[in-house]
Colleague: 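For reference, the structure I am asking about is given below.
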Amino acid sequence: MSSEMVNGFKLLPGFLDRKAASDLVRGVAEIVASAPLVTPHMPRTGKPFSVRMTNAGSHGWFSDKAAGYRYQSCHPQTGRPWPQIPRDILAIWRALHPGAPPPQCCLINYYEDPKARMSLHVDADEEDFSVPILSLSLGDTALFRIGGTARKDPTRSVRLASGDVVSLAQDARRAFHGIDRIYPGTSTLLAENGFPGGGRLNITLRRVTAGG
Ligand SMILES: O=C(O)CCC(=O)C(=O)O
Ligand SMILES: [Mn+2]
């Protein structure tokens, strides 16, 4: 079914060149060394996510069976505060979202399992929807799907390759989206930069609290 792309969706193909992407992946490897990747679980059902996650920033997103979706200031296993958001990531945010308050959450999703995916959802745990979300794709290509602000709205699929950047503003900020699949072996970026299992990393930057 064809449909208009939801307003506020912006794709910047190849925004990050190989050098910038390699530097980012190495920065993520450093974050993972002090804040290990964790498997989140769905609220209530306790079903595990197929991606593993960690965070940088003052607000880390996490979910488990007992307490559900939330932001928290510390890593759920180590109890330590999340590492700071790397400067190169903050610079990308400033370049693409000039005038916006800085991101508080740098969520890192690791799609290592070739079958890893993320079901259709809205990023809705933030207080402020006026600030756009920025999403960086690194490593294997993924099939991203985005619809409208209602679950029944038609969706469009877009391939996100390594170095692609997506901004979700306006209606797209509240739109349903997800990752239907990754294409294993389409990039060597991760394997060459500290992630021997290869796969795909997604870095999602969000403003969490209102004001600022
Ligand atoms: O992996 C992606 O590109 C999407 C991630 C996402 O939607 C999220 O973490 O909320
Ligand atoms: Mn999302």
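Just so you know, ligand 1 is whichever comes first in the structure, and atom 1 is the first atom listed for that ligand. These numbers were taken from a predicted model, which means no experiment stands behind them. Worth knowing before you read on, the calculation uses all heavy atoms, side chains too, and leaves out hydrogens, waters and symmetry mates.
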Colleague: Verify, without hydrogens or angle tests, whether H121 (side chain) and H177 (backbone) share a donor-acceptor contact under 3.5 angstrom.
Modeller: yes

Colleague: Heavy-atom distances under 4.0 Å are what count here, so tell me which part of V51 touches ligand 1: side chain, backbone, both or neither.
Modeller: neither

Colleague: Heavy-atom count check: over 12 atoms from other residues, nucleotides or ligands less than 6.0 Å from R181 CZ?
Modeller: yes

Colleague: Considering only heavy atoms of H177, which atoms of ligand 1 have at least one such atom less than 4.0 Å away?
Modeller: 7 (O)

Colleague: With the threshold set at under 4.0 angstrom, would you say H121 reaches ligand 1 through any of its heavy atoms?
Modeller: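 Distance cut 4.0 Å: H121 passes for ligand 1.
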
Colleague: Just to check, does W61 reach to within less than 4.0 Å of ligand 1 when the distance is taken from its heavy atoms?
Modeller: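 So W61 does not count as touching ligand 1.
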
Colleague: With no hydrogens and no angle check, is any side-chain donor or acceptor of H75 less than 3.5 Å from a backbone partner on P36?
Modeller: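 The answer is yes, because a donor-acceptor pair under 3.5 Å joins these two groups.
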
Colleague: Salt bridge between D113 and R52, side-chain N to carboxylate O under 4.0 Å?
Modeller: no

Colleague: Please state which protein non-hydrogen atom is closest to atom 3 (O) of ligand 1 and give its distance, to 0.1 Å?
Modeller: R200 NH2, 2.9 Å

Colleague: Under a 3.5 Å distance rule, please check whether N193 uses its side chain to pair with a backbone N or O of R26 as donor and acceptor.
Modeller: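 Not confirmed, N193 side chain does not pair with R26 backbone.
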
Colleague: Has W93 got a side-chain atom pairing as donor or acceptor with R206's backbone, closer than 3.5 angstrom?
Modeller: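 Not at all, since once roles are kept as given, no pair shorter than 3.5 Å links the two residues.
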
Colleague: How about CD on Q72, more than 12 heavy atoms from neighbouring residues, nucleotides or ligands closer than 6.0 Å, or not?
Modeller: yes

Colleague: Count the heavy atoms of every other residue, nucleotide or ligand shown that sit under 6.0 Å from CD of E127, and state whether that count exceeds 12.
Modeller: yes

Colleague: Determine whether the side chain, the backbone, both or neither of D123 has a heavy atom under 4.0 Å from any heavy atom of ligand 1.
Modeller: side chain

Colleague: Any idea which atoms of ligand 1 are less than 4.0 Å away from a heavy-atom of M118?
Modeller: 5 (C), 6 (C), 7 (O), 8 (C), 9 (O)

Colleague: Looking at the Mn ion (ligand 2), which N/O/S atom of D123 is the nearest one?
Modeller: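 Output for this pair reads OD1.
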
Colleague: For atom 9 (O) of ligand 1, what is the nearest protein heavy atom, given as residue, atom name and distance?
Modeller: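 Here the nearest protein heavy atom works out to N109 ND2, 2.9 Å.
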
Colleague: Considering only heavy atoms of L107, which atoms of ligand 1 have at least one such atom less than 4.0 Å away?
Modeller: 9 (O)

Colleague: What protein heavy atom sits nearest atom 1 (O) of ligand 1, and how far off is it?
Modeller: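 The protein heavy atom lying closest is Y111 OH, 2.5 Å.
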
Colleague: Under 4.0 Å from ligand 1, counting heavy atoms only, is it the side chain of R206, its backbone, both or neither?
Modeller: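 Under 4.0 Å from ligand 1, R206 contributes side-chain atoms alone.
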
